Amino acid sequence: MKTNKIKKCLFPAAGYGTRFLPTTKAIPKEMLPILTKPLLQYGVEEAIEAGMDTMAIVTGRGKRSIEDHFDISYELEHQIKGTSKEHYLTEIRSVIEKCTFSYTRQVEMKGLGHAILTGQTLIGDDPFAVVLADDLCDNEGKSVLTQMTEIYAKYPDCCIVAIEEVPQEDTNKYGIIAGELLEHNLYKVYDMVEKPDPKDASSNLAIIGRYILIPEIFKVLETTPAGKGGEIQITDALLTLAKQGKVLAYKFEGKRFDCGSVDGFVEATNYFYKKA
Ligand code: G1P
């Protein structure tokens, strides 16, 4: 049955995590912990909070520990059951109970757009969310994904990207949008460029790693040529849909940490430590 409710969430998790070498030689960057919880689990919990129950993860070589994490470890359960340490497993048990996980491998690293297209086999013909786990978000109220699904319910023919203002000198780290204000904090996008030079950027509104995508995106991705860095960019595919008036950008409420950088990772660690 067709539904406008977003139940599926895609997690591209095939990247090398070069900025965290040598740790990421044998440990997926998505498994790096902020305090005691891996980045990817924060993302999955955000998706669950937003009403999703089907997690689709695009992995690559050397990422098997992700599958083990979201599964029962019988040996550990046996060792810990009935002891004072059992509570350490509460959160992950609850995650495993609430949703299903499926996996596919991206065989070649051809960019975020290509990773998302690789996930088509897990998503099918439904609208879906995308979470880039190294953008860690936190909000006292509704999570960023919840805020976005509420907007999607109102605009079910559109893709939605989350944005925030960044310093002008940082535009070359993000997809940058240009749009007209539609309502409070919501823009109709008419242009978007992947990582423009600060001097060429049309705004400082940067896309962060939260997307709601309509299934039409897969068709567009199939014909999107390699762009910035020789990679297939989701930003370029979205531009095709933006030209048809089908992309909105939402300035979300909440905090976001760039845990793909050492500075952002340390900042997030301190923030969650103080909060705990
Ligand atoms: C990706 C996207 C970029 C977006 C960013 C958010 O870039 O290509 O448009 O702004 O995520 O984190 P990456 O950080 O993977 O280079």
Side-chain angles (χ1 to χ4, degrees), residues 9-20 24 28-30 32 39-40 42-43 46 57-60 63 106 108-119 129-138 144-145 148 159-179 187 189 191-198 200-213 217 220-221 224-242 247-252 254-265 267-268:
C9 189
L10 186 71
F11 297 85
Y16 295 123
T18 38
R19 278 183 283 179
F20 284 88
T24 44
K29 66 171 174 164
E30 298 77 15
L32 296 181
L39 279 170
L40 189 53
Y42 284 91
E46 186 181 330
I57 306 184
V58 179
T59 65
K63 302 272 187 171
Q106 189 184 8
E108 285 176 281
M109 302 301 134
K110 292 203 271 188
L112 179 57
H114 180 257
I116 292 173
L117 183 57
T118 304
V130 174
V131 168
L132 307 184
D134 50 15
D135 274 335
L136 178 53
C137 294
D138 189 55
V144 178
L145 269 191
M148 292 173 78
C159 293
I160 303 164
V161 297
I163 51 166
E164 72 175 12
E165 286 184 43
V166 295
Q168 191 72 23
E169 67 265 24
D170 285 347
T171 58
N172 56 4
K173 296 182 186 158
Y174 300 95
I176 298 292
I177 70 115
Y187 296 80
V189 176
D191 196 17
M192 51 206 306
V193 179
E194 181 67 6
K195 304 193 175 112
D197 243 45
D200 303 325
S202 56
S203 80
N204 67 340
L205 297 174
I207 301 169
I208 66 118
R210 298 289 181 280
Y211 305 76
I212 303 272
L213 300 177
I217 194 75
V220 179
L221 277 168
T224 301
K228 192 91 187 181
E231 298 186 331
I232 297 171
Q233 300 293 348
I234 188 66
T235 307
D236 295 342
L238 281 167
L239 177 60
T240 302
L241 292 181
V247 179
L248 304 177
Y250 170 60
K251 215 195 241 182
F252 64 95
K255 275 184 92 59
R256 167 254 172 192
F257 300 94
D258 173 15
C259 293
S261 77
V262 174
D263 284 353
F265 192 90
E267 204 191 323

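All values reported here derive from a predicted model rather than from experimental measurement. Counting starts at 1 for both ligands and their atoms, in listed order.
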Q) Which residue holds the protein heavy atom closest to atom 5 (C) of ligand 1, what is that atom called, and what is the gap in Å? A) Ile207 O, 4.0 Å

Q. Closest approach of Cys137 and Ile208, non-hydrogen atoms and distance?
A. SG-CD1, 3.9 Å

Q. Which heavy atom of Gln168 sits nearest a heavy atom of Pro198, and at what distance?
A. NE2-O, 3.2 Å

(Q) Regarding ligand 1, does Tyr174 bring an N or O atom to under 3.5 Å of one of the ligand's N or O atoms? (A) no

Q: Note the single closest protein heavy atom to atom 12 (O) of ligand 1, along with its residue, its atom name and the distance in Å.
A: Asp135 OD2, 2.7 Å

Q) Under a 4.0 Å N-O cut-off, is there an ion pair linking Arg256 with Glu164? A) yes

Q: Could you tell me the residue and atom name of the protein heavy atom closest to atom 15 (O) of ligand 1, and the distance to it rounded to 0.1 Å?
A: Lys195 NZ, 4.7 Å

Q. In the protein, what heavy atom is nearest to atom 11 (O) of ligand 1, and what distance, to one decimal place, separates them?
A. Leu132 CD1, 3.4 Å

(Q) Just to be sure I read this right, does ligand 1 sit under 4.0 Å from the backbone of Asp258, its side chain, both, or neither, counting only heavy atoms? (A) neither

Q. Please state which protein non-hydrogen atom is closest to atom 9 (O) of ligand 1 and give its distance, to 0.1 Å?
A. Glu194 OE1, 2.7 Å

Q. Going by the atom numbers of ligand 1, which of them fall below 4.0 Å from some non-hydrogen atom of Gln233?
A. 8 (O)

Q.
Counting only heavy atoms from other residues, nucleotides and ligands, does the tally under 6.0 Å from CZ of Phe20 exceed 12?
A. yes

**Q.** Distance from atom 1 (C) of ligand 1 to nearest protein heavy atom, with residue and atom
**A.** Leu112 CD2, 3.9 Å

Q) Under 4.0 Å from any heavy atom of Thr235, which atoms of ligand 1 are there? A) 9 (O)

(Q) If we check side chain to side chain contact (heavy atoms under 4.5 Å, CB included) with Leu213, which of these qualifies: Val247, Leu10, Leu238, Val220? (A) Leu238

Q: Using a strict cut-off of less than 4.0 Å between a Lys/Arg side-chain nitrogen and an Asp/Glu carboxylate oxygen, indicate whether Asp135 and Arg210 qualify as a salt bridge.
A: no

Q. Is a side-chain donor-acceptor pair under 3.5 Å present for Gln106 with His114?
A. yes

